[in-house]
Amino acid sequence: MSRFEKYYGPDFNSLEKQDPEIAAVVISELVRQRQDVQLIASENFTSSAVLAAMGSTLSNKYAEGYPGKRYYGGCEEVDKVEIIGIDRAKKLFGAEHANLQPHSGASANVAIYQAFTKPGDTILAMSLPHGGHLTHGSKVNFSGKWFNAVSYGVRQDNELIDYDQLRDLALEHKPKMICSGATAYPSLIDFEKVRQICDEVGAIMWVDAAHFIGLVAGKAIPSPVPYADVVSFTTHKVLRGPRGGMILSKDKHAAAIDKAIFPGMQGGPIMSAVAGKAIVLKECATAEYQSYAKKVIENCQELAKSLENEGMRAVSGGTQTHLALIDIRSTGVTGKVADERCGLSGITLNKNAIPYDPQTPTVTSGIRVGTAATTTQGMGKNEMKQIASLIARAIKEGENEVKAKAIRAEVHQLTNQFPVYPELKN
Ligand code: DSN
């Protein structure tokens, strides 16, 4: 039996035969994903059905344009996939319009700038050090270079979005567009309040829902869709789909969004990814997924609480979502060192700035943890308690190679009980 048959079934034999070097990496990455505990808040384990679509012959087809209006022949089959996906997206989120073609979340965001603004316009978005995203006006990103980006943040006392500051800045700067959404904000966003501010100043309301759209899909948290002009997101985080992006909007913005994606900034869509998006939208419409989304939050709350029991501090007092931001200054270790020590101990997470962080963004005083992947594996509250204790030990003892090895062995014992892709042979 070939190594690929062993891990993935016979379809992968040809890869191993043709390129054993790359095949070996694919195998060892699966082993890494299985053995270590995966706490990166933006990662998940997509279904085998999505993986199958991503590796399918749909990848071969150029389909510039939209269903029924393509610039190439032979699109009749891929048209079906995109039409099904659009219908499922509109139904699942109650959206008037959906575009499944963005190659990524950043691509979706570039299209939104293109649809609603011109270079030099003012936009208002959450600052990166307070949990925003590069495409929300960071100086090192096109959004901060080409636009007059004004940033709001969180209050120092409760680490929640400062809506008074947001409104004051909106009134002062009259932005063309206001963005809500973040990559490291553990609380819910008050979309009704943001809508009121947008209406007051005549701004487009854009929600970058990449992190939490899966929780919205699973009906575990309120949806921004009824309020926003436009909602962008990635499809591979809690949503558990293929790597890629998507945009939902009101009907009145449909033409502007579609034109901004193609021909505005992309050529042919990646039809294998569009198929994967269609598949995950079906998966998300099930009671099983809704129960998953609720468990993701419960697990994250348990993990945050357990880390607090270990002497660390959960930013904003805990979490209402799939991620928690942990201030680890009490350990005397920086986010960078904690990230490295956890890595050596088989715990994958990322260092992260906390609001008003005294450390630089490459060092940081915090870590970010998320429970999308471990919940997909089937872990529950007891496992979250164990993981918190392993993280605490890794941070404190992980510089010692022998101790890190021992922690890693315990991590592997835990993950062995919750096999990732159990349908693939081991
Ligand atoms: N890289 C993503 C995250 O980890 O949050 C944001 O794009």
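In listed order, ligands and their atoms are each counted from 1.
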Subject >> Which of the ligand 1 atoms, numbered from 1, are nearer than 4.0 Å to a heavy atom of T183 >> reply: 5 (O), 6 (C)
Original post:
In terms of residue, atom name and distance, what is the protein heavy atom nearest to atom 7 (O) of ligand 1?
Top reply: H133 NE2, 3.0 Å
Original post:
Below 6.0 angstrom between ring centroids: does that apply to Y163 and Y152?
Top reply: no
Original post:
What atoms of ligand 1 come within less than 4.0 Å of a heavy atom belonging to R368?
Top reply: 3 (C), 4 (O), 5 (O)
**OP:** Take the angle between the ring planes of F142 and Y113 and call it parallel below 30°, perpendicular above 60°, tilted in between.
**Re:** perpendicular
**OP:** Kindly state whether the ring of H97 and the ring of H253 have centres lying under 6.0 angstrom apart.
**Re:** no
Original post:
Which residue and non-hydrogen atom of the protein lie closest to atom 1 (N) of ligand 1, and at what distance in Å?
Top reply: S42 OG, 4.5 Å
Original post:
CG of L349 to CD1 of I40: how many Å apart, nearest 0.5 Å?
Top reply: 6.5 Å
Original post:
Below 4.0 Å from any atom of ligand 1, is there a heavy atom belonging to E43?
Top reply: no
Original post:
For ligand 1, which atoms have a heavy atom of H211 less than 4.0 angstrom away?
Top reply: 3 (C), 5 (O)
Original post:
Looking at the rings of F93 and F233, which for Trp means the six-membered one, are their centres under 6.0 Å apart?
Top reply: yes
